[in-house]
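Below is one structure, written out as structure tokens; comments come after it.
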Amino acid sequence: MQKPVIAMIYDFDKTLCTKDMQEYGFIPSLGMSADEFWDSVNDLTDGEQMDNILAYMYMMVKMAHEKNTPVSRDTFLNLGKGVEYFRGVETWFDRITRFGDSVGVQVEHYIVSSGIKEIIEGTSIARFFKKIYACEFMYRDGVIQWPKMAVNYTAKTQFMFRINKGVLDIDSKSATELNRYTPENERRVPFRNMIYIGDGPTDVPCMKLIKSYGGQAIAVYDPEKGESRALPLLRDNRVNFIAPADYSENTRLERVVETIIRKMAAENAMLNM
């Protein structure tokens with residue numbers, strides 16, 4: 001019999017890596033500070049009443065051209081090599097997958113991020129994810145033509161349903177498949193088998209969705225900055241747990257996730273008796 005599937009779903013910026021991915025190489029290449037770049041994005045958002053995600057994608061392209069450093073797909077892929085992770089991230093996915101195997105479940109890892117997909121694809125950990133959902137550009141001969149996908153904070157929730165129903169590819173048929181009624185027992189990954197890990201308020205729609213349907217949500221925080229951002233999420237019942245973003249062996253985060261997986265494995269075994 002096929003093992004039950006448990007989906008580990010991660011935000012990326014400040015969840016797996018230590019800051020917004022644009023701040024490692026892209027923004028410094030413009031000769032700007034991170035604050036200057038994001039302030040300009042917020043000014044555009046407010047001035048044009050514009051979606052903040054589309055605003056930052058536009059400003060990335062506009063400022064790169066103004067600085068005579070136009071970006072391509074390869075530019076973004078190369079930027080992925082400079083991303084810095086929290087401790088333990090690079091060994092985390094194999095460890096958690098092996099733990100799942102040991103208790104009789106199949107663990108899959110997914111990214112749902114408002115960052116740039118091409119940068120994530122250039123990272124050393126991209127190979128661990130069954131699917132990466134993030135903002136993306138359309139290219140012709142490697143040159144940006146148009147935004148292909150903009151993933152804002154509420155739009156993230158659609159990808160929870162894609163994972164839930166196993167409708168992972170985004171194509172002309174997927175909308176019909178995604179919206180078709182599917183009994184709970186026929187869905188590939190029940191919400192009760194989902195674990196969402198994010199870092200802050202922008203993850204709340206996904207956290208609330210998964211938590212309300214019986215899954216688990218965890219808010220992580222930079223160990224060097226403390227838990228002040230995460231505590232309100234726990235206090236307001238947005239998440240089940242908070243933990244430092246330390247993915248090393250025998251940390252609080254690993255113990256919490258292993259306990260959740262063990263509990264999910266037991267519940268699935270009882271349902272299949």
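Between the side chain of Thr251 and the main chain of Tyr247, no donor-acceptor pair closer than 3.5 Å is present. Remark: the backbone N or O of Met160 is not paired with any side-chain donor or acceptor of Asn164 at under 3.5 angstrom. For the pair Asp171 (side chain) and Lys173 (backbone), a donor-acceptor distance under 3.5 Å is present. Put simply, the side chain of Glu36 gets close to the backbone of Ser33: a donor and an acceptor are under 3.5 Å apart. Side-chain N or O atoms of Asp20 include none that pairs as donor or acceptor with a backbone N or O of Asp13 at under 3.5 Å. Between the side chain of Thr123 and the backbone N or O of Gly80, no donor-acceptor pair lies under 3.5 Å. Side chain of Asp199 to backbone of Val220: no donor-acceptor contact under 3.5 angstrom is found. Judged by distance alone, with hydrogens and angles left aside, the side-chain atoms of Asp222 form a donor-acceptor pair with the main-chain N or O of Glu224 at under 3.5 Å. Looking at Ser212, its side chain does come within 3.5 Å of a backbone N or O of Lys208 through a donor-acceptor pair.
Looking at residues two or more places apart in sequence or on another chain, you find a side-chain contact (heavy atoms from CB on, under 4.5 Å) between Val61 and His65, Phe137, Ile144. Contacts of Arg238 classified as salt bridge (Lys or Arg N to Asp or Glu O under 4.0 Å), with partners at least two apart in sequence or in another chain: none.
Tyr221 and Gly226 make their closest contact through CD1-O, 3.2 Å (heavy atoms, listed as atom of the first residue, atom of the second, distance). Residue Val189 comes nearest to Met194 through the heavy atom pair O-CE, 3.6 Å, listed as atom of the first residue, atom of the second, then distance.
The existence of a salt bridge linking Asp203 and Lys156 is confirmed by a sub-4.0 Å separation between a basic side-chain nitrogen and an acidic carboxylate oxygen. One finds a salt bridge joining Lys131 and Asp169 here, because a Lys/Arg side-chain nitrogen approaches an Asp/Glu carboxylate oxygen to under 4.0 Å. Salt-bridge formation is not detected for the pair Glu184/Arg192: no Lys NZ or Arg NE/NH1/NH2 atom is positioned less than 4.0 Å from an Asp or Glu carboxylate oxygen.
Ser124 and Tyr85 share a donor-acceptor pair across their side chains, judged by distance under 3.5 Å alone. In this structure, a donor-acceptor pair under 3.5 Å is present between the side chains of Thr18 and Tyr24. The closest side-chain donor-acceptor pair between Asp74 and Ser72, if any, does not fall under 3.5 angstrom.
The CD atom of Glu177 sits 10.0 Å away from atom NZ of Lys165, with the distance rounded to the nearest 0.5 Å. Separation of atoms CZ (Arg127) and NE2 (His109) is listed at 11.5 Å; rounding is to 0.5 Å.
Between Lys14 and Lys225, the closest side-chain pair of non-hydrogen atoms is not below 4.5 Å. Put simply, the side chain of Trp92 reaches to within 4.5 Å of the side chain of Leu253, judged on heavy atoms. Using a 4.5 Å cut-off on side-chain heavy atoms (C-beta onward), Trp38 and Glu23 make contact. Contact annotation: the side chain of Phe161 never approaches that of Thr182 to less than 4.5 Å [non-hydrogen atoms, C-beta and beyond]. Within the 4.5 Å cutoff, no side-chain heavy atoms of Phe26 are placed close to those of Thr75. Side-chain contact between Val151 and Phe159 is present, with heavy atoms from C-beta onward closer than 4.5 Å.
A ring-ring contact (aromatic ring centres under 6.0 Å, His included) with Tyr10 holds for exactly one of Tyr110, Tyr133, Phe93, Tyr196; it is Phe93.
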Check against salt bridge (Lys or Arg N to Asp or Glu O under 4.0 Å), Glu121 and Arg73 = CA-CA 10 Å; Glu121 288 176 333; Arg73 179 174 176 80; 2.8 Å; yes
In sequence, state the C-alpha distance, the side-chain angles, and the governing distance for Ser248 and Asp246, and then conclude on side-chain hydrogen bond (donor to acceptor under 3.5 Å, both in side chains).
-> CA-CA 6 Å; Ser248 307; Asp246 185 343; 2.7 Å; yes
